[in-house]
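First comes the structure, then the notes that go with it.
This structure is a prediction, so every number in the text was calculated from the model and none was measured. Chain naming here is simple, since letters A, B, ... match the order of the sequence lines and numbering starts at 1 in each.
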Number of protein chains: 2
Amino acid sequence: MNKRKVTLKDIAEKTGFSINTVSLAMKGQRVSEDTRKLIVETAEEMGYIGNALASSMRSGLTGTIAIIVGDIANPYFASIIKGAVNLLSAQQYSAIIYNTEEREDYEKNSILSALRQNVDGILYCPVVKDGPNTELLAKSNIPFVIFGGISQNPEINTVGLDDEKGGYIATQYLLERGHRDIVFLNGPDFAHSSKERLSGYKQALLEAGIPYDERKVLHCDLKNDKMIWDQVKYQLSQVLDYTGVITYSDMTAMRLYSLLDSEDFKDKAISARDIIGFDHVMATFPLPIKIASVGAKDIKMSVVATSLLLDLIHKTSQEVKKIVLDVKVYVP
Amino acid sequence: MNKRKVTLKDIAEKTGFSINTVSLAMKGQRVSEDTRKLIVETAEEMGYIGNALASSMRSGLTGTIAIIVGDIANPYFASIIKGAVNLLSAQQYSAIIYNTEEREDYEKNSILSALRQNVDGILYCPVVKDGPNTELLAKSNIPFVIFGGISQNPEINTVGLDDEKGGYIATQYLLERGHRDIVFLNGPDFAHSSKERLSGYKQALLEAGIPYDERKVLHCDLKNDKMIWDQVKYQLSQVLDYTGVITYSDMTAMRLYSLLDSEDFKDKAISARDIIGFDHVMATFPLPIKIASVGAKDIKMSVVATSLLLDLIHKTSQEVKKIVLDVKVYVP
DNA sequence: ATGAAAGCGCTAACAC
DNA sequence: GTGTTAGCGCTTTCAT
């Protein structure tokens with residue numbers, strides 16, 4: 001028993017109508033109620049399941065969206081993907097997910113694969129802002145939105161957080177709690193958001209009359225690079241004087257917190273209250289540690305980015321949008 | 001400038017060869033080195049990007065796999081998805097991800113969508129074992145693997161953990177640490193793995209000569225249902241006597257741990273050491289809390305399930321496989 | 001309201 | 001080694 005899939009043709013033969021009429025009936029268009037009913041019932045009976053490939057071939061639309069991110073297991077991205085997927089599926093879109101491991105060559109492969117699949121649009125969080133991959137995408141003429149960082153290219157639709165303000169309010173949060181020596185465990189220095197947040201950090205210190213000390217700003221890799229992290233640990237445990245820490249992400253905050261137990265930090269007396277992170281992953285994830293976090297205010301970036309993409313696909317909006325989301329400190 | 005996508009036909013016209021030859025050349029088959037080179041270079045130059053839809057239409061293979069799970073933001077699933085996606089993309093497969101919110105109707109829609117997309121195979125973690133959705137999938141004649149729980153249906157390929165042993169060794173772990181009053185914060189009672197783990201729990205107690213007390217087994221929803229969780233909290237803080245807890249997942253362990261801070265648990269003195277969870281999410285996620293966890297030993301379920309699915313697709317294996325992975329306790 | 005015909009871009013089957 | 005032909009299943013266009 002080798003069940004070939006039931007096609008419109010099969011239904012047409014069974015009901016005596018033409019393929020065309022069957023197609024129309026299935027979509028409830030321009031056919032009499034009687035034939036519609038007959039056809040739909042026959043289809044049901046025969047176990048008809050449409051062929052999206054064939055539809056797409058002709059219509060030029062696939063109803064699929066590609067989501068390209070650095071690490072789908074990272075709760076930050078996982079939460080964004082979930083938000084996007086839920087919104088998309090409500091509009092009958094499917095999502096193809098690409099995991100780039102934060103590698104530009106994988107990013108390129110992912111983009112090419114997405115283009116080959118004729119996706120209707122792409123949500124893309126690039127590792128490097130305005131690099132060759134973004135260029136490649138821009139040349140492809142397919143709607144896409146860059147999220148998680150604002151591309152400088154004025155032609156490109158972007159959604160991101162107000163990182164400068166984020167750095168500012170994170171610093172302010174710790175200042176208000178009496179800290180005057182604040183380490184900033186920032187992201188990689190090539191990242192645009194790192195620069196922006198640093199700028200906010202400096203501004204807050206300036207306003208508080210605290211001199212900026214560049215030794216207190218460390219950079220940690222997005223990935224959990226052992227060497228870099230060992231270096232960070234050494235600085236934090238042996239070298240620097242501080243009472244509070246800002247981390248680039250809540251994940252980094254967690255790693256930091258994990259360190260605090262060890263012997264090396266015995267005389268530091270840093271607690272969860274003295275740390276503030278970014279991304280507000282607690283919103284979707286039951287973190288047992290009470291660490292404050294900077295995140296988008298009132299709204300989810302995934303929803304904004306996905307809505308924008310859908311608008312672009314449906315040509316609702318034409319002009320390029322660069323959306324900067326307001327941020328706030330979430331205190332658990 | 002409305003760039004239509006470059007097709008094989010365009011390349012054929014430019015080079016003077018037939019469409020067929022161009023197609024063959026692009027795949028490096030049966031053509032002379034000279035023509036291959038010319039064609040490939042011309043394609044490159046013209047910015048040719050294949051059309052997977054058209055290929056699939058003819059060949060019957062799409063090179064896409066659907067992954068259907070209850071909650072893609074849950075680190076347990078996120079980690080599985082990442083493992084699967086990485087393995088798949090290494091073999092040139094794309095992954096369409098469906099998030100079912102643990103709802104059977106969403107599951108059904110996801111399955112139908114996947115079938116419409118003509119995916120080559122499906123990885124599916126159903127909410128209910130052997131329910132109508134699994135039935136639907138089985139009737140579709142497309143290769144699929146159920147993971148995260150062993151379907152009782154002998155016709156269906158499954159990959160799961162040895163849950164009975166898991167419950168057993170989790171209990172043993174706490175017994176060895178001197179606990180004699182152990183609460184089991186188990187999963188929903190309709191879940192097969194809940195039953196299996198409970199069975200292991202009972203067995204371990206029996207062997208230790210500790211009478212089984214059914215009041216000590218609570219059920220918590222997969223989702224963070226407030227009412228159920230409040231009830232659990234009440235039982236744990238006011239009613240039950242215990243010194244250790246086994247939780248159904250590491251996420252549940254985290255929620256539990258979050259409770260421990262509150263006033264209600266002041267006289268309980270339960271610490272992270274007295275809790276053991278399931279899933280071993282720490283493997284991919286920097287949890288700052290030192291909670292032991294039961295997980296697959298030596299190997300990742302995602303890899304096993306994906307490999308099995310690929311085998312099925314490539315017809316490497318024909319007979320139905322029911323793979324039960326060995327488990328161990330991971331102590332942080 | 002229904003049908004006939006064309007064709008989306010590619011690949012498989014067969015010819016030469 | 002290369003070309004010709006047919007057709008995957010559907011939608012679109014145009015005719016009736």
Inset, instruction - Can you see which heavy atom on B:Ala12 is nearest to which on B:Ser18, and at what distance? - result: CB-C, 3.9 Å
Legend entry - Nearest non-hydrogen partners of B:Tyr93 and B:Leu310, listed with the distance: CE1-CD2, 3.6 Å
What is the distance, to the nearest angstrom, from the [atom1] atom on [X] to the [atom2] atom on [N]?
X        : N      : atom1 : atom2 : value
A:Arg4   : D:dG7  : CZ    : C1'   : 13 Å
B:Met57  : D:dA6  : CE    : P     : 18 Å
B:Ile39  : D:dG1  : CD1   : C1'   : 11 Å
B:Asp10  : C:dC10 : CG    : P     : 9 Å
A:Leu61  : D:dT11 : CG    : P     : 12 Å
A:Ile19  : D:dC14 : CD1   : P     : 20 Å
B:Asn118 : D:dG9  : CG    : P     : 9 Å
A:Leu8   : C:dG3  : CG    : C1'   : 15 Å

Inset, instruction - When you get a sec, tell me which of C:dC8, D:dG3, C:dT2 is the closest nucleotide to the side chain of A:Thr21? - result: C:dT2
Inset, instruction - Kindly say whether B:Leu312 contributes a backbone atom to a donor-acceptor pair with the side chain of B:Thr316 at under 3.5 angstrom? - result: no
Legend entry - Polar side-chain atom of A:Ser56 near backbone of A:Ala52 as donor-acceptor pair, under 3.5 Å: yes
Inset, instruction - Residues of residues 46-53 of chain B with any non-hydrogen atom less than 4.0 angstrom from an atom of DNA chain C: list those, numerically ordered, please. - result: B:Tyr48, B:Asn51
Inset, instruction - Please state whether the phosphate of D:dT11, meaning OP1 or OP2, lies under 4.0 angstrom from any side-chain nitrogen or oxygen of A:Ser23. - result: yes
Inset, instruction - Write out all pairs satisfying side chain to side chain donor-acceptor pair (under 3.5 Å) with one or both partners inside residues 124-137 of chain B, taking only residues at least two apart or from two chains. - result: B:Glu107-B:Tyr124, B:Glu107-B:Asn133, B:Asp130-B:Ser151
Inset, instruction - Report the residues that fulfil salt bridge (Lys or Arg N to Asp or Glu O under 4.0 Å) with B:Asp311, sequence neighbours left out, ordered by chain and then residue number. - result: none
Inset, instruction - Please lay out, stage by stage, how B:Asp10 and B:Lys5 fare under the test salt bridge (Lys or Arg N to Asp or Glu O under 4.0 Å). - result: CA-CA 9 Å; B:Asp10 299 327; B:Lys5 264 180 90 172; over 6 Å; no
Legend entry - Partners passing side-chain contact (heavy atoms from CB on, under 4.5 Å) against A:Ala84 (at least two apart in sequence or in another chain): A:Ile67, A:Leu123, A:Thr306
Legend entry - Partner set under side-chain contact (heavy atoms from CB on, under 4.5 Å) for A:Lys321, not counting sequence neighbours: A:Asn157, A:Leu308, A:Ser317, A:Glu319, A:Ile323
Polar atom pairs between nucleotides 12-16 of chain C and protein, under 3.5 Å, N or O only, would you list them?
residue : atom : partner : partner atom : Å
C:dA12  : N6   : B:Asn20 : ND2          : 3.3
C:dA13  : N6   : B:Asn20 : ND2          : 2.8

Inset, instruction - Would you classify A:Ser56 as touching base, sugar-phosphate or nothing, given that sugar-phosphate means primed atoms plus P, OP1 and OP2, and contacts are heavy atoms under 4.0 Å? - result: nothing
Inset, instruction - Pick base, sugar-phosphate or nothing for B:Ser55, based on heavy-atom distances below 4.0 Å to the nucleic acid. - result: sugar-phosphate
Legend entry - Pairwise 5' ranking along DNA chain D for B:Leu24 and B:Ala54, keeping only the more 5' one: B:Leu24
